Amino acid sequence: MSDQSRAPETPSLHQRHRAVTPAWLATYYSEPIELTHGEGRHVWDSAGNRYLDFFGGILTTMTAHALPEVTKAVAEQAGRIIHSSTLYLSSGMVELAEQIAGLSGIPDAKVFFTTSGTEANDAALLLATAYRHSNQVLAMRNSYHGRSFTTIGITGNGAWSPTSLSPLQTLYVHGGVRTRGPFAHLSDADFIAACTQDLEDLLGQVGGNVAALIAEPIQGVGGFTHGPDGLFAAFKRVLDRHGILWISDEVQTGWGRTGDHFWGWQAHAEAGPPDILTFAKGIGNGLAMGGVVARAEVMDCLDANSISTFGGSPVTTAGALANLRHLLEHDLQGNARRTGALLVKRLLAADLPVVREVRGKGLMIGVELVDAAGEPSPAAAAATLEHARELGLLIGKGGLAGNVLRVAPPLSLTEGEAVEGADLLVEALRRAQAQTFGPEPRP
């Protein structure tokens with residue numbers, strides 16, 4: 001057959017994806033994979049390969065893949081009515097809001113549902129700026145709060161902030177990264193004092209009222225970094241003196257993932273709860289759901305009408321209710337604490353030079369990688385991601401330099417799966433270390 005008569009090759013799914021989606025839409029792996037189904041803590045790709053999932057769709061599959069209670073609730077609700085909007089009453093939405101308001105720790109709480117964490121943070125910023133009559137916002141360095149125009153404007157991680165334009169004036173404070181930066185050498189108490197003094201100094205130089213501080217208790221995209229417990233309590237005492245609101249971005253830290261607490265803010269609880277709390281990801285277990293919890297005084301401050309077309313829809317609230325009940329009834333927070341500690345112990349025991357730090361809480365673990373000179377190594381992180389996939393393990397990555405592995409399995413992870421996943425990750429790290437450091441010397 002001549003070259004002219006040969007049938008053209010069918011483009012791959014990856015080629016088709018790149019042809020019709022934005023160039024800036026990131027995918028993992030040199031040869032991206034399509035996940036077709038999952039069960040428990042495992043997923044399968046379109047080629048039939050099975051993986052232990054240690055990333056859960058960016059911390060979204062909170063309980064398990066294809067959790068029967070969630071699948072059943074969604075199917076039954078879809079068979080009745082899929083959509084109505086907030087213009088109509090919804091018993092499921094009200095019940096879920098009641099449960100979340102009670103769990104939030106915020107007194108006199110009200111809940112507004114959205115379809116994502118980005119939208120939740122956007123709504124929280126709207127509430128705070130309207131309540132305080134100010135467009136000035138404090139945010140943490142190395143932070144990430146979403147992909148909308150407003151939330152990009154308060155993101156302190158340049159790798160995820162494609163524009164400097166913003167409707168807000170954002171002022172960045174220290175405290176999100178404990179082991180790097182000008183205060184890294186200090187004790188926890190002195191670190192908190194230095195960051196608080198920095199906040200006081202900043203507020204002393206700002207003209208006008210600041211609306212709010214928005215902060216992740218553990219920075220997600222930033223590489224699972226966090227300051228010492230009690231940092232935001234110290235901040236809140238300063239904020240309260242100025243009337244500034246505290247927004248706790250719990251999109252990744254909520255629902256018991258940190259093990260020790262149900263919400264990330266509870267590690268800083270001495271000064272009381274935040275004024276506003278945002279959530280998303282895990283509550284829907286893959287369904288598109290987010291939301292805002294705030295004191296009624298703050299939530300009710302808007303003086304214009306609004307609705308949500310898709311927030312709190314009958315199907316997503318049915319799935320979220322089933323998911324939340326399963327989480328609470330099976331003490332998945334306690335399981336996150338136990339299995340997370342086991343993972344950290346095994347990763348630390350490997351004692352690999354490529355690993356600068358293993359950090360985080362519960363099943364929210366960051367592994368920071370460096371090169372032979374001790375500098376951040378995005379190449380080692382990319383190589384580890386590839387090797388882990390080859391070995392049958394899915395993980396994530398992040399950090400300002402892209403050199404941090406993000407480990408965040410579903411909260412139902414078993415001890416056996418924790419051991420298996422840790423061993424696979426250690427092997428992937430060994431292979432990446434050999435690539436970036438050269439072969440290990442013989443004894």
Side-chain angles (χ1 to χ4, degrees), residues 14 24-33 35 41 43 45 51-61 117 142-147 155-162 176-177 179-180 216 218-226 251-253 257 281 340 343-344 347-348 350 352-371 374-410 413 421-422 424-437:
H14 185 210
W24 41 260
L25 194 62
T27 53
Y28 274 165
Y29 312 118
S30 58
E31 296 182 9
I33 60 176
L35 300 181
R41 276 69 53 196
V43 292
D45 67 17
Y51 305 94
L52 182 57
D53 186 3
F54 266 34
F55 200 37
I58 320 177
L59 290 79
T60 299
T61 306
N142 197 51
S143 59
Y144 175 82
H145 297 286
R147 55 171 171 70
T155 286
N157 183 325
W160 291 88
S161 186
V177 181
T179 58
R180 288 192 185 273
E216 306 155 272
I218 298 178
Q219 294 182 330
V221 170
F224 291 175
T225 62
H226 61 90
V251 169
Q252 297 196 34
T253 52
R257 178 164 287 281
K281 291 192 181 288
L343 271 171
V344 169
L347 291 172
L348 289 172
L352 296 170
V354 73
V355 177
R356 176 183 180 269
E357 182 182 19
V358 178
R359 57 176 177 251
K361 297 181 179 183
L363 287 176
M364 193 173 184
I365 300 164
V367 183
E368 184 176 345
L369 306 186
V370 293
D371 60 21
E375 294 300 314
S377 179
T384 305
L385 207 73
E386 294 283 359
H387 290 305
R389 181 195 59 77
E390 293 164 4
L391 292 165
L393 179 71
L394 303 186
I395 54 175
K397 67 183 178 73
L400 184 61
N403 68 313
V404 181
L405 306 177
R406 299 167 69 197
V407 178
L413 185 75
L424 292 173
L425 181 53
V426 168
E427 175 58 26
L429 285 163
R430 289 189 193 282
R431 295 183 184 185
Q433 181 175 284
Q435 278 182 250
T436 53
F437 279 50

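The structure presented is a predicted model; accordingly, all values stated were derived computationally and were not measured.
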Under the side chain to side chain contact (heavy atoms under 4.5 Å, CB included) rule, collect the residues that match up with [X], sequence neighbours excluded.
X	result
Asp371	Ala373, Glu375, Ser377
Val355	Leu352, Val358, Val367, Leu369, Leu429
Leu400	Asn142, Asn157
Thr61	His65, Asn285, Pro410

Could you pull out the closest heavy-atom pair between Ala432 and Ala380, with the gap in Å?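 Of all heavy-atom pairs spanning Ala432 and Ala380, the closest is CB-O, 3.7 Å.
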Not counting sequence neighbours, which residues clear side-chain hydrogen bond (donor to acceptor under 3.5 Å, both in side chains) with [X]? List them please.
X	result
Arg356	Thr179, Glu368
Arg147	none
Thr27	none
Thr384	none

Does a sphere of radius 6.0 Å around CG in Leu391 hold more than 12 heavy atoms from other residues, nucleotides or ligands, not counting ones at 6.0 Å or beyond?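 Yes, CG of Leu391 has more than 12 neighbouring heavy atoms, counting only those of other groups under 6.0 Å.
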Residue pairs, two or more places apart or on separate chains, that pass side-chain hydrogen bond (donor to acceptor under 3.5 Å, both in side chains) and touch residues 391-410: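 Found Gln252-Arg406.
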Those residues that, when tested against Phe55, pass ring pair (Phe, Tyr, Trp, His ring centres under 6.0 Å) (two or more places apart):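 Expected list: none.
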Pairing residues for Lys281 by the salt bridge (charged side-chain N to carboxylate O under 4.0 Å, His left out) criterion, not counting sequence neighbours: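 Result, salt bridge (charged side-chain N to carboxylate O under 4.0 Å, His left out) vs Lys281: none returned.
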